[in-house]
Amino acid sequence: MRATVIATFFGVFLTCTYTAKEATKKTKKAKLYVPQIDCDVKAGKIINPEFIAKCPPGCQDVKHRVYGTDIYASFSSVCNAAIHSGIIDNTGGKVLVQKVAGHSGYRGSFSNGVRSLSLPRWRESFLVSEGKPRKGVTYPSTLEYSSSKSTAVKSEPKKPEQDLKGTKSADVSNTSEKASDQGDTARKERQTTPVPTPGTEMATTTPTATTTTTEPSTTVPQPTTAPAAPRTTAAPAKARPGLHRGRDMGSSSVHPAYASVVAAAARQVQAAQGRGQNTAFRGTSTSANTRNILLHNTAMEIDSWKPGLSLFDTGFSSKEELNPKPLESISQGNQNCKVDLSFLMDGSWSIGKRRFQLQKRFLGNVAQALGIGSAGPLMGIVQYGDDPSTEFNLKTYANSKDLRNAIEKIQQKGGLSNVGKALSFVNKNFFLDANGNRGGAPNVVVVMVDGWPTDRVEEASRLARESGINIFFVTVEAAAQSEKQNVVEPNFVDKAVCRTSGFYSINVPSWFSLHKVVQPLVKRVCDTERLACSKTCLNAADIGFVIDGSSSVGTGNFRTVLQFVANISKEFEISDTDTRIGAVQYTYEQRLEFSFDKYSTKQDVLNAIKRISYWSGGTSTGAAISYASEQLFSKSKPNKRKIMILITDGRSYDDVSVPAMAAHQNGVIAYSIGVAWAAPDELEAIASDPAKEHSFFVDDFDNLYRYVNQLIQNICTEFNSQPRN
């Protein structure tokens with residue numbers, strides 16, 4: 001009997017053990033299924049606030065646009081943003097995506113072979129990190145899109161293959177681009193429930209808010225606005241460092257830019273729980289609570305800067321409470337003017353002691369009118385003479401009173417008026433995270449000049465603008481008649497500022513009337529909608545196409561060449577102050593089809609390309625290069641990159657090396673594209689150094705489309721490799 005009991009017990013034990021092992025095996029087998037997304041999928045099209053997705057190979061392409069650095073606007077390509085951030089490479093891989101609040105500015109950069117673009121602001125952002133699940137977070141195996149993939153209309157133009165082949169190749173205007181513009185207006189509302197936010201006494205749960213999600217165009221994003229429910233007031237977070245830096249994010253860690261917010265949120269949760277208050281978080285982990293508070297508080301902090309509804313509005317109505325009330329008596333500043341501002345103060349001997357005092361009084365009045373504060377404008381001062389030096393940086397003073405007192409104590413250094421040297425110094429040294437640069441706030445420099453500079457400013461100004469710095473000039477008085485012969489650079493203001501419309505420059509006839517321009521200057525500096533003069537590879541060039549119209553090309557192939565020209569042109573930001581396009585056709589003779597100043601909109605340029613008629617004749621490529629240098633590039637703006645793109649299908653009847661060398665010496669960056677019977681040695685002679693990055697060859701006209709993206713990428717890579725100081 002005893003043996004039977006023991007045997008029975010042992011059998012039950014073995015059965016339980018086997019069952020437990022099988023259950024364990026099943027548990028171990030339950031792996032996370034990671035959905036795959038296409039290269040062109042944008043974060044804003046996916047409703048899930050946090051998800052892991054698998055990117056395919058080959059997403060490193062300029063057509064998959066990316067906006068921002070480390071923090072990306074939601075209409076960026078998820079996969080190309082991950083490549084830009086270094087999380088994956090062009091072979092693809094898993095990516096963890098976390099949605100965060102809209103950002104007041106996105107800084108473009110070139111990283112890991114991808115050029116991201118700048119953007120003033122957008123309603124939603126996202127972070128990318130290594131594609132590993134965070135502890136305690138459940139990830140969806142199927143992603144929820146704001147509109148079904150079968151009906152979604154992508155904003156990118158259709159593939160060039162479709163444009164370049166068949167009888168439709170003659171139609172330069174891209175029909176898919178029109179469809180994209182129409183599709184971008186389609187909207188779908190979705191319900192989102194904001195996470196609970198702790199208040200001063202007890203945490204409350206905000207009501208459900210309805211927001212409108214709109215997929216923007218790749219060129220000019222145009223969000224719509226929809227009412228949002230009011231939020232509860234939260235304690236203001238500390239001023240965070242520049243969000244465009246700091247890439248070190250672990251899979252279970254928080255982005256470094258939000259570390260202080262997370263810590264504060266965690267302390268609030270623990271304090272509320274310690275008092276036994278209803279924190280509305282029961283049933284969830286503390287880490288999840290902290291993340292929820294992080295996202296909500298960050299949204300309130302970033303959304304607090306809204307100077308008014310605009311083209312880049314974040315999607316909330318003006319009835320929403322824009323400025324959360326501070327719980328502590330901390331100077332928040334004018335939250336409608338969130339800029340990082342540097343004044344270049346004239347400390348040269350030519351200004352004199354009395355006028356130097358008037359300049360200090362003016363700067364103090366500007367500081368008072370701006371309303372300096374941690375959530376508003378921050379201001380630093382660089383004094384220049386022979387050599388520039390920083391008096392104090394952006395993080396030194398956080399209110400107008402302390403700033404005015406510090407300005408009064410500044411001592412004049414003396415020396416020459418080396419404005420160009422000062423601009424180079426600011427471009428390289430001032431707007432750093434260590435000096436208080438916030439990343440999301442526009443960078444602004446106001447240059448005070450007594451009379452005229454003693455060095456050249458055009459090149460230094462251009463490089464500063466290309467780094468994203470908005471430059472204003474306040475010039476007081478002018479060179480006396482006897483002094484004009486010593487002026488180094490006439491009309492230096494027009495050459496230095498972003499536009500010559502007068503917005504970026506103010507001239508004051510006398511130091512004693514300087515007080516009259518305090519308010520006009522403050523109004524312009526705070527007009528963030530117009531602070532858009534930062535230059536990128538897509539908006540800083542004069543591009544001249546030199547097109548072979550010889551008899552060997554033929555009518556059909558000539559239309560294919562025009563489609564190739566149009567596909568390149570449409571990728572650039574075209575206006576009279578951005579990239580400009582010109583075209584020359586040649587045979588034995590040359591013909592100016594249109595000059596740089598002829599058309600100032602992208603559509604007008606594309607229409608003009610479409611209207612170019614085939615000429616037919618011989619092939620004198622050398623004469624065409626000389627003609628383009630004289631008729632196009634000699635009239636290029638001083639602050640523009642001069643880029644020549646020459647397309648030919650055969651060997652030239654004349655020499656190309658001497659005209660090409662002359663063009664290179666005059667600052668023209670030459671790209672050569674050869675088709676069919678084009679001579680490789682001539683293509684290399686035409687191209688700028690290194691020739692392998694500036695010359696291309698295809699065996700057939702129908703294969704030209706393959707080099708559209710490569711050509712644009714090479715232009716951007718070269719642009720971003722230029723020194724910035």
Q: Closer than 3.5 angstrom, by distance alone: can the side chain of Asn80 be matched with the main-chain N or O of Cys39 as a donor-acceptor pair?
A: no
Q: How long is the gap from OG on Ser461 to CD1 on Ile469, to the nearest 0.5 Å?
A: 10.0 Å
Q: Among Ile647, Ile673, Val675, find the residue that satisfies the side-chain contact (heavy atoms from CB on, under 4.5 Å) test when tested with Phe696.
A: Ile673
Q: Can you tell whether the side chains of Arg641 and Glu718 come within less than 4.0 Å, N to carboxylate O?
A: no
Q: So Tyr72 and Val78, do their side chains get closer than 4.5 Å, heavy atoms only?
A: no
Q: Compare all side-chain heavy atoms of Arg580 with those of Asp597 and state whether any distance is below 4.5 angstrom.
A: yes
Q: Run the numbers on Tyr671 and Ile715 for side-chain contact (heavy atoms from CB on, under 4.5 Å), then give the verdict.
A: CA-CA 9 Å; Tyr671 289 85; Ile715 290 173; 3.6 Å; yes
Q: Tell me, with the steps shown, if Phe126 and Val100 meet side-chain contact (heavy atoms from CB on, under 4.5 Å).
A: CA-CA 5 Å; Phe126 68 98; Val100 294; 5.7 Å; no
Q: Looking only at heavy atoms, which two atoms of Ser109 and His84 are closest? And how far apart?
A: OG-NE2, 3.1 Å
Q: State whether Lys642 and Asp542 are salt-bridged, where the test is any N-O pair (Lys NZ or Arg NE/NH1/NH2 against Asp/Glu carboxylate O) under 4.0 Å.
A: no
Q: Restricting to non-hydrogen atoms, name the atom on Cys716 and the atom on Leu538 that form the minimum distance, rounded to 0.1 Å.
A: SG-CD2, 4.1 Å
Q: Is any side-chain heavy atom of Gln98 closer than 4.5 Å to a side-chain heavy atom of Ser129?
A: yes
Q: Within this structure, what is the CZ-OG distance for the pair Arg65 and Ser77, rounded to the nearest 0.5 Å?
A: 11.5 Å
Q: Say whether, by atom type as modelled, one donor and one acceptor occur between the side chain of Ser672 and the main chain of Ser695 under 3.5 angstrom.
A: no
Q: Could you tell me whether the side chain of Gln585 and the main chain of Ser613 form a donor-acceptor pair under 3.5 Å?
A: yes
Q: Are Ser569 and Ile543 side-chain neighbours, meaning at least one heavy-atom pair lies under 4.5 Å?
A: no
Q: Checking the side chain of Arg438 only, and the main-chain atoms of Asp433 only, is there a donor and an acceptor separated by less than 3.5 Å?
A: no
Q: With no hydrogens and no angle check, just 3.5 Å: does a side-chain donor-acceptor pair link Ser125 and Tyr106?
A: yes
Q: Do you know which two heavy atoms are closest between Ala464 and Ile471, and how far apart they sit?
A: CB-CD1, 3.8 Å
Q: How about Tyr139 and Phe51: are their ring centroids closer than 6.0 Å?
A: no
Q: Within the distance-only criterion (no hydrogens, no angle test), does the side chain of Ser636 pair as donor or acceptor with the backbone N or O of Leu632 below 3.5 angstrom?
A: no
Q: Look only at the side chain of Asp40 and the backbone of His64, and say whether a donor-acceptor pair between them is shorter than 3.5 Å.
A: no
Q: Kindly determine whether Val584 and Gln631 satisfy side-chain contact (heavy atoms from CB on, under 4.5 Å), including the steps that lead there.
A: CA-CA 9 Å; Val584 167; Gln631 298 299 319; 5.5 Å; no
Q: Can you tell me how far apart CD1 (Ile581) and CD1 (Ile645) are? Round to the nearest 0.5 Å.
A: 7.5 Å
Q: Provide the full list of disulfide bond (SG atoms under 2.5 Å apart) pairs with a residue in residues 64-119, sequence neighbours left out, each pair given once.
A: Cys55-Cys79
Q: Ring-plane angle category for Phe558 and Tyr614, please: parallel below 30°, perpendicular beyond 60°, tilted otherwise.
A: tilted
Q: Would you say that Ile547 contacts Trp615 through its side chain, given a criterion of any heavy-atom pair below 4.5 Å between the two side chains?
A: no
Q: Do side-chain atoms of Asp604 reach the backbone of Tyr599 as a donor and acceptor pair under 3.5 angstrom?
A: no
Q: Atom CD in Glu130, atom NZ in Lys94: separation rounded to 0.5 Å?
A: 10.5 Å
Q: Just do the side-chain contact (heavy atoms from CB on, under 4.5 Å) check on Asn557 and Asp700 with the steps written out, would you?
A: CA-CA 9 Å; Asn557 288 333; Asp700 190 87; 5.9 Å; no
Q: Taking Asn666 for the side chain and Val668 for the main chain, is one N or O donor matched with an acceptor at less than 3.5 Å?
A: no
Q: Any heavy-atom pair between the side chains of Ile669 and His694 that's under 4.5 Å?
A: yes
Q: Over all heavy atoms of both residues, which pair between Asn714 and Glu693 is shortest? Give the atoms and the distance, please.
A: ND2-O, 3.0 Å
Q: Can you check whether Thr142 reaches Tyr33 side chain to side chain, under 4.5 Å on heavy atoms?
A: no
Q: Val546: which residues meet the side-chain contact (heavy atoms from CB on, under 4.5 Å) condition with it, sequence neighbours left out?
A: Tyr586, Ala624, Ala628, Met644, Leu646
Q: What's the shortest heavy-atom distance between Leu592 and Ala583, and which atoms?
A: CD1-O, 3.7 Å
Q: First locate atom CZ of Phe564, then atom CG of Asn567, and finally report the distance between them rounded to the nearest 0.5 Å.
A: 8.5 Å
Q: Distance check, rounded to the nearest 0.5 Å: Ser74 atom OG versus Ile46 atom CD1?
A: 11.0 Å
Q: Between the side chain of Thr69 and the main-chain N/O of Arg107, is any donor-acceptor distance below 3.5 Å?
A: yes
Q: Give the minimum heavy-atom separation between Ala670 and Ile686, together with the two atoms involved.
A: CB-O, 3.2 Å
Q: Determine whether a donor-acceptor pair (N or O, by modelled atom type, separation under 3.5 Å) exists between the side chain of Asn470 and the backbone of Asn443.
A: yes
Q: Are any non-hydrogen side-chain atoms of Glu50 and Val137 less than 4.5 angstrom apart?
A: yes
